[in-house]
Engineer: 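This structure is in structure tokens; I'll ask about it shortly.
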Amino acid sequence: MKVAVSSKGKTLDSELDERFGRAACFILVDLNTMSYEGVENTQNLNAIQGAGIQAAKTVVDHGAGVVITGNCGPKAFAVLSQAGIHTITGVSGKVKDVIEQYKKGELSPTDGPNVKGHWM
Amino acid sequence: MIISVASGKGGTGKTTVATSLALSLGKDTQLADCDVEAPNVHLFVHPEFRNEEIITVPVPKVDESRCTGCGKCVEICRFNAIVNIADTIMTFPELCHGCGGCQAVCPAGAIEEGERIIGVIQHGLCNGMDFLHGRLRIGEAMAPPLIRQVRSRINPDKTAVIDAPPGTSCPVIAAIKDTDFVVLVAEPTPFGLNDLELAIETVKILKIPAGLIINRSDIGDMGVADYAARENIPVLMEIPYDRNIAEAYCRGEPLVEAFPQWRRRFVRLCEDIDELVAEIAL
Ligand code: SF4
Ligand code: SF4
């Protein structure tokens, strides 16, 4: 299974980016092989609106089963749940440490968005 | 003729000017409050409301049984309001601008037009003058479509005064675009000047003739007046900082009703605007 972590850079040493929609990158880690891929989210940094939706689409399209991030708003959360992805919010630290915590079962999925949308 | 009243920032006296101007134009006038996020003109003119219309914008409704998942609707939407996730199409009505693009490109005819309520328009009468305003639903972000709906209800055979929202963003443009004249209201302070510069840039781009009213004209400095002179914007009126005016405002009394001498000045202002518009038309 693949886990997507919002991050400030493209390697496992990067810091988790606590913004989901406007995160710099997503790191997708395959838990079976521990191979990873960094995906840029740059087009969304400047999106006028709906950045969270597009970011969610990006991680869905890359086959993630779990998303680990800092803050996730209602629209991104709706897209992720629609795709059957579990979202874990309120996390920070280096991507590789976050992945370790996840593997040890220390992080549990959130049952709703943890921040309000920008239009609410 | 439509005269819009605008200002680069809130709290400059825009509503005072809009109400007094409309009340001085005589009975065949319409007063339209287009500050739909915070309409307050009715607090001064006390209209008797007659009817209310619910205003909606079109939003896409996807018939999943017909959708082939081709993604054309997603590609065309500039507003990220429609997205394909794991074989289904999700829509985000609150982001949709109602452009109809997705419906037009859908090869399967799977997109129908639904609707979403964005606010109401209320119509009333105050001493024979037509009054109307838009009121945006709480939490709603799409002011421009509601403002355009308010404007579409203005009778072109009468003279109308529009109270525009403050600032220089999309809602202001929706309110003042294609009006015949803009009255800008500003205060003679460095902040007032900064916002006036933005407002004047906006009206120049929109090519609307403009005049300036300086409110609380005896505070601050000459920056605003000097700038108006350089930009060839006529100063139509100066309203001094006066405790009595402020008190009347707080009681919800229009300037021209509280002080007869101001009625005369606003009647003259109407004539001046008429002349300026006529000159430009030549
Ligand atoms: S109507 Fe326009 S803005 Fe709304 S979802 Fe369709 S393409 Fe996007
Ligand atoms: S364009 Fe029509 S058929 Fe294609 S994905 Fe959108 S709704 Fe479905």
Side-chain angles (χ1 to χ4, degrees), chain A residues 1-4 6 19-24 26 28 39-67 69 71-87 109-110 112-113 115-120, chain B residues 36-38 56-57 59-64 67 69-99 101-102 114 116-119 136-147 165 167-171 173-174:
Chain A
M1 190 194 52
K2 276 198 210 166
V3 175
S6 58
R19 303 164 307 168
F20 176 73
R22 294 185 196 272
F26 292 106
L28 285 119
V39 180
E40 281 186 15
N41 188 38
T42 39
Q43 87 279 7
N44 266 348
L45 285 174
N46 302 317
I48 40 169
Q49 60 173 27
I53 296 169
Q54 286 303 314
K57 184 170 158 50
T58 303
V59 300
V60 172
D61 290 348
H62 279 82
V66 170
V67 163
T69 186
N71 298 317
C72 181
K75 296 192 194 68
F77 194 87
V79 172
L80 294 169
S81 346
Q82 170 74 32
I85 294 180
H86 290 296
T87 307
T110 317
V115 286
K116 283 199 182 123
H118 300 293
W119 301 95
M120 296 297 152
Chain B
V36 300
E37 283 168 86
T56 60
V57 288
V59 290
K61 242 175 52 195
V62 180
D63 176 350
E64 296 210 10
C67 173
C70 72
K72 290 219 159 67
C73 53
V74 179
E75 259 167 55
I76 198 163
C77 183
R78 282 180 50 205
F79 301 103
N80 288 335
I82 187 161
V83 58
N84 48 344
I85 293 297
D87 298 336
T88 52
I89 295 286
M90 286 179 88
T91 58
F92 292 87
E94 63 274 42
L95 299 185
C96 172
H97 285 225
C99 70
C102 51
R116 183 168 71 85
I117 295 175
I118 55 167
L136 201 64
R137 191 174 57 79
I138 304 283
E140 175 56 58
M142 303 278 180
L146 179 56
I147 293 170
T168 44
S169 61
C170 306
I173 303 211

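So that the names make sense, note that chain A is the first sequence line, chain B the second, and so on, each numbered from 1.
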Engineer: Is it the side chain or the backbone of B/N84 that comes within 4.5 Å of chain A heavy atoms, both, or neither?
Structural biologist: both
Engineer: With a 4.5 Å cut-off on heavy-atom pairs, point out which of B/I138, B/V83, B/V74 contacts chain A the most.
Structural biologist: B/V83
Engineer: Heavy-atom cut-off 4.5 Å, strictly under: side chain, backbone, both or neither for B/F79 against chain A?
Structural biologist: both
Engineer: When rounded to the nearest 0.5 angstrom, what distance separates CE in B/M90 from NZ in A/K75?
Structural biologist: 11.0 Å
Engineer: Looking at A/K2, I'd like to know if its NZ atom is crowded, meaning that more than 12 non-hydrogen atoms belonging to other residues, nucleotides or ligands lie closer than 6.0 Å.
Structural biologist: yes
Engineer: Among A/D61, A/V60, A/V79, single out the residue with the greatest number of heavy-atom pairs under 4.5 Å to chain B.
Structural biologist: A/V79
Engineer: Should the heavy atoms of other residues, nucleotides or ligands under 6.0 Å from NE2 of B/H97 be counted, would the total exceed 12?
Structural biologist: yes
Engineer: Can you tell me how far the CD1 atom of B/I85 sits from the CD1 atom of A/I85, to the nearest 0.5 Å?
Structural biologist: 8.0 Å
Engineer: A/K57 vs B/N80, test: side chain to side chain donor-acceptor pair (under 3.5 Å). Steps then yes/no.
Structural biologist: CA-CA 11 Å; A/K57 184 170 158 50; B/N80 288 335; over 6 Å; no
